[in-house]
Number of protein chains: 4
Amino acid sequence: MPTHPGPVPAVPRRPHTGRRRNQAARQAVLAAAAGLLGRPGGEATSIEEIAQAAGVSKHTIYRWWPSKGAVLLEAMAEQARQEDDRPLTGSLRADLERFLTATFRAAARSAPLLRSAMGEAQRDPKAAEGMRQFTAARRAELRHLLTAGQSRGELPGNADLDLLVDQIYGLLWYRTLVGHASLTADTAAQLSRTVAGT
Amino acid sequence: MPTHPGPVPAVPRRPHTGRRRNQAARQAVLAAAAGLLGRPGGEATSIEEIAQAAGVSKHTIYRWWPSKGAVLLEAMAEQARQEDDRPLTGSLRADLERFLTATFRAAARSAPLLRSAMGEAQRDPKAAEGMRQFTAARRAELRHLLTAGQSRGELPGNADLDLLVDQIYGLLWYRTLVGHASLTADTAAQLSRTVAGT
Amino acid sequence: MPTHPGPVPAVPRRPHTGRRRNQAARQAVLAAAAGLLGRPGGEATSIEEIAQAAGVSKHTIYRWWPSKGAVLLEAMAEQARQEDDRPLTGSLRADLERFLTATFRAAARSAPLLRSAMGEAQRDPKAAEGMRQFTAARRAELRHLLTAGQSRGELPGNADLDLLVDQIYGLLWYRTLVGHASLTADTAAQLSRTVAGT
Amino acid sequence: MPTHPGPVPAVPRRPHTGRRRNQAARQAVLAAAAGLLGRPGGEATSIEEIAQAAGVSKHTIYRWWPSKGAVLLEAMAEQARQEDDRPLTGSLRADLERFLTATFRAAARSAPLLRSAMGEAQRDPKAAEGMRQFTAARRAELRHLLTAGQSRGELPGNADLDLLVDQIYGLLWYRTLVGHASLTADTAAQLSRTVAGT
DNA sequence: TGTTAAACGAGACGGTACGTCTAGTCTTGCG
DNA sequence: CGCAAGACTAGACGTACCGTCTCGTTTAACA
């Protein structure tokens with residue numbers, strides 16, 4: 001999730017002079033955002049609070065993130081970064097269940113952050129764009145997994161994978177945002193069974 | 001979507017004292033909300049703007065709705081009211097496709113309203129509760145349809161209908177909120193085929 | 001000292017509906033501004049502090065005054081309002097001394113306010129304009145007094161009254177702003193003697 | 001106008017090693033300050049802008065001047081340095097007119113600088129102290145001239161020279177700060193005539 | 001000729017104020 | 001009474017500037 005100057009300039013003209021960005025500040029902001037949103041009643045967390053909790057000036061936040069939504073989005077992405085580099089097993093259902101179990105657990109843990117970030121994306125076009133990028137990356141992972149299964153014949157050749165991916169992530173977001181039902185390991189297992197057959 | 005005094009009292013307690021609620025004002029507010037949110041850049045529409053566009057005092061809005069989210073929610077519900085009273089056909093796939101086609105079309109039309117209402121529900125607990133009720137009613141309709149199909153053997157007896165319903169509405173909301181793909185009649189047909197088999 | 005819409009609209013189109021301006025709030029703001037600036041170290045008094053001390057929302061201040069400078073200016077004008085409606089005596093020197101004694105005393109009392117208002121007028125064009133109006137009104141009073149004396153032959157017929165007025169008010173502001181000397185009753189007496197001869 | 005370490009330390013402990021102050025930078029800063037303030041709308045000129053315009057780091061400014069006000073003050077003093085070393089003529093009126101003509105011209109030229117410096121002096125105690133010193137030096141020059149005239153009998157023996165000096169410099173500052181009238185050669189002549197008699 | 005103290009450019013940082021905006025409440029007078 | 005107009009409180013938002021700080025480079029006197 002790059003911050004607002006966009007992708008890193010490949011070849012800076014000058015070798016870079018001046019004080020460098022304080023990575024501790026960046027981490028402190030993201031951690032504070034995640035922490036504050038987790039509190040009860042944390043739906044309404046202001047930039048000012050985040051700055052204070054992070055021991056950082058408000059200006060420092062605005063220097064590096066274009067809006068509140070961008071901070072939430074990056075905090076969410078930070079939390080979501082869950083390297084599962086174990087190789088695929090060769091069974092779609094097993095792979096899918098492993099993926100979904102981990103994903104659902106992470107989503108449940110960061111639910112307040114997800115909710116706030118998605119809420120912000122509905123009112124801040126910059127956050128909306130960030131959300132689009134974030135979700136695209138997630139869908140790509142899942143789609144990769146499904147494609148592998150399809151090529152092994154575990155899914156019908158005419159299955160619409162984009163539709164399937166959106167159903168699965170749709171379920172995740174729908175339950176997270178509406179809050180009428182939870183995302184458990186059971187849900188992950190049941191869903192994997194439905195999708196991948198026996 | 002009842003407004004805050006709860007469901008409209010069938011029989012007013014007082015036989016007739018004072019002036020009655022101006023229904024024209026109610027409609028004007030909901031129409032103004034829907035209209036303003038539809039504009040480009042309408043993500044940021046304030047109560048003040050809605051009041052002005054409706055030719056109504058801000059106070060009148062707050063007299064009848066507890067919060068901005070409640071207005072949006074009711075405006076959304078108003079737009080979503082699509083009486084399809086034709087009887088079910090007896091084919092799950094046909095029933096489902098008819099339902100989804102209509103639902104997707106309505107959702108696409110009111111997308112800005114849906115987005116704003118869901119966004120508001122992430123920050124306003126009252127709106128969240130309203131959203132929970134609204135979505136529950138929608139899920140019940142769809143579930144009714146699926147149950148009928150299941151009882152006719154068009155879905156496996158062990159299918160988890162709640163999960164299925166959430167996948168379908170999840171897809172709808174996910175695409176609406178993220179905006180990476182659209183909800184077309186094709187989507188409805190394809191999804192119906194996937195769910196209901198041949 | 002008119003507030004930002006400028007001169008009072010002569011004939012409002014509507015007889016005016018809606019809540020009327022809270023005069024208590026206006027007075028509270030001006031009093032708070034005067035009070036806070038009088039404190040030691042009051043040079044740096046923020047709008048936020050004034051609002052808090054006045055028990056008023058910051059927004060209310062900005063509704064009625066276009067900038068911080070305008071508030072200070074009006075507070076200053078309010079303090080400067082010193083009705084001396086006693087008739088002129090017929091002796092320039094006596095009239096002048098009475099005028100200057102009162103004026104110097106008032107200036108000394110409100111010195112912090114004068115200093116801040118003039119300081120603000122150096123950076124805020126709106127405040128500068130207000131300052132121009134305020135000082136013009138003051139100069140007119142003094143000039144009226146001098147004109148009367150001149151017509152009685154107590155000042156040479158070719159005396160440049162504008163220059164004289166600016167010397168007198170210049171003295172007042174110069175000492176107030178630089179703070180190297182004070183403005184006492186003695187100063188007033190001595191100055192009157194210099195200007196009006198014996 | 002000494003900069004913040006005050007008078008140069010008479011006996012440095014070490015003979016001084018390291019790079020010496022860049023005089024070009026000092027001049028560039030003062031010139032940039034004077035230049036930027038002269039622009040239309042230059043009332044609000046920041047240290048950052050001055051640094052940039054001077055091609056100098058902000059830090060370099062703060063190394064040599066304690067505050068923004070000090071920079072403006074020194075820039076003002078720099079502009080005000082107008083060596084008029086011609087001997088006095090022996091006529092108060094002639095001497096005064098020559099002095100005032102030059103002074104008024106200089107003031108008119110540097111008006112934006114004077115205004116900003118005085119404005120800053122109202123909020124920054126360090127700048128206020130600097131302003132006191134600067135004005136004291138100016139008053140001393142003028143007073144010297146008047147004293148000479150008085151000793152020649154061109155002013156009454158009981159004239160209060162301090163009051164007179166403050167009236168004259170008061171006029172200058174009052175017109176500069178309020179901007180309602182200008183300081184021309186005519187003004188200087190007229191004022192000299194008033195003060196020094198025929 | 002190297003060493004070393006200090007000045008310098010760039011620019012990040014904490015702090016603080018400004019002026020704007022929105023939500024939601026309250027007041028006044030009209031119909 | 002219901003309603004429109006609109007003033008009010010509370011407080012977040014994003015911008016701007018100040019004065020301090022760190023980083024790495026450059027300068028020039030000393031050794």
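Letters go in sequence order (proteins before strands), and every chain restarts at 1.
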Problem set entry | Members of residues 53-61 of chain A that approach DNA chain F, where some heavy atom sits under 4.0 Å away |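 Result for residues 53-61 of chain A: A/Lys58, A/His59, sorted by number.
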For this session: Decide yes or no for D/Lys126 and D/Met131: does some side-chain heavy atom of the first lie under 4.5 Å from some side-chain heavy atom of the second?
Result: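 With C-beta onward as the side chain, the pair stays apart.
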Exercise. Is any side-chain heavy atom of D/Trp65 closer than 4.5 Å to a side-chain heavy atom of D/Leu73?
Worked result: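 With C-beta onward as the side chain, the pair stays apart.
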Whole angstrom value for the distance that separates [atom2] of [N] from [atom1] of [X]:
X	N	atom1	atom2	result
C/Ile47	E/dC18	CD1	P	6 Å
C/Arg20	F/dG6	CZ	P	11 Å
D/Glu48	F/dT15	CD	P	15 Å
B/Lys126	E/dA23	NZ	C1'	11 Å
D/Gln52	E/dC8	CD	P	18 Å
C/Trp65	E/dG19	CH2	P	14 Å
A/Gln23	E/dC13	CD	C1'	14 Å
B/Arg123	E/dT22	CZ	C1'	11 Å

Exercise. With nearest nucleotides of DNA chain E determined for A/Asn22 and D/Asn22 from heavy-atom distances, which residue corresponds to the more 5′ nucleotide?
Worked result: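 The residue whose closest nucleotide sits nearer the 5' end is D/Asn22.
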Problem set entry | Nearest-nucleotide 5' precedence on DNA chain E, C/Gly69 against B/Ala44 |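 Its nucleotide being nearer the 5' end, the pick is C/Gly69.
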Problem set entry | Partners meeting side-chain hydrogen bond (donor to acceptor under 3.5 Å, both in side chains) with C/Ser67 (sequence neighbours left out) |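 In terms of side-chain hydrogen bond (donor to acceptor under 3.5 Å, both in side chains), with neighbours along the sequence ignored, C/Ser67 is linked to C/Asp124.
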Problem set entry | Contacts of A/Gln52 that satisfy side-chain hydrogen bond (donor to acceptor under 3.5 Å, both in side chains) - sequence neighbours left out |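 Residues passing side-chain hydrogen bond (donor to acceptor under 3.5 Å, both in side chains) with A/Gln52: none at all.
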Does [X] place a side-chain N or O at less than 4.0 Å from the phosphate oxygens OP1/OP2 of [N]?
X	N	result
D/Trp64	E/dC8	yes
C/Lys68	E/dA17	no
D/Arg63	E/dC8	yes

Would you find a donor on one side and an acceptor on the other, under 3.5 Å apart, between the side chain of [X] and the backbone of [Y]?
X	Y	value
C/Glu49	C/Ser46	yes
D/Thr60	D/Val56	no
B/Gln122	B/Met118	yes

Exercise. In terms of side-chain heavy atoms of A/Tyr62, which of F/dT20, F/dT15, E/dA12 is nearest?
Worked result: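 Out of F/dT20, F/dT15, E/dA12, the nucleotide with an atom closest to A/Tyr62's side chain is F/dT15.
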For this session: Identify, with sequence neighbours excluded, every residue that meets side-chain contact (heavy atoms from CB on, under 4.5 Å) alongside C/Glu78.
Result: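 With sequence neighbours excluded, C/Glu78 shows a side-chain contact (heavy atoms from CB on, under 4.5 Å) to C/Arg26, C/Gln27, C/Leu30, C/Arg81, given in chain and number order.
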Exercise. At how many degrees, to 10°, do the end axes of the helix from E/dT1-F/dA31 to E/dG31-F/dC1 meet when each uses five pairs?
Worked result: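 For the helix from E/dT1-F/dA31 to E/dG31-F/dC1, the axes at either end differ by 0°.
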Problem set entry | Test: C/Arg20 cationic atom under 6.0 Å from C/Trp64 six-membered ring centre, within 45° of axis |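 Geometry flag: not set, cation outside 6.0 Å or 45°.
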Exercise. What residues, two or more places apart in sequence or in another chain, satisfy salt bridge (Lys or Arg N to Asp or Glu O under 4.0 Å) together with D/Lys58?
Worked result: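 Result, salt bridge (Lys or Arg N to Asp or Glu O under 4.0 Å) vs D/Lys58: D/Glu48.
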Exercise. If you find the nucleotide of DNA chain F closest to A/Asp124 and the one closest to B/Ala25, which residue's nucleotide is nearer the 5' end?
Worked result: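 Upstream on the strand: B/Ala25.
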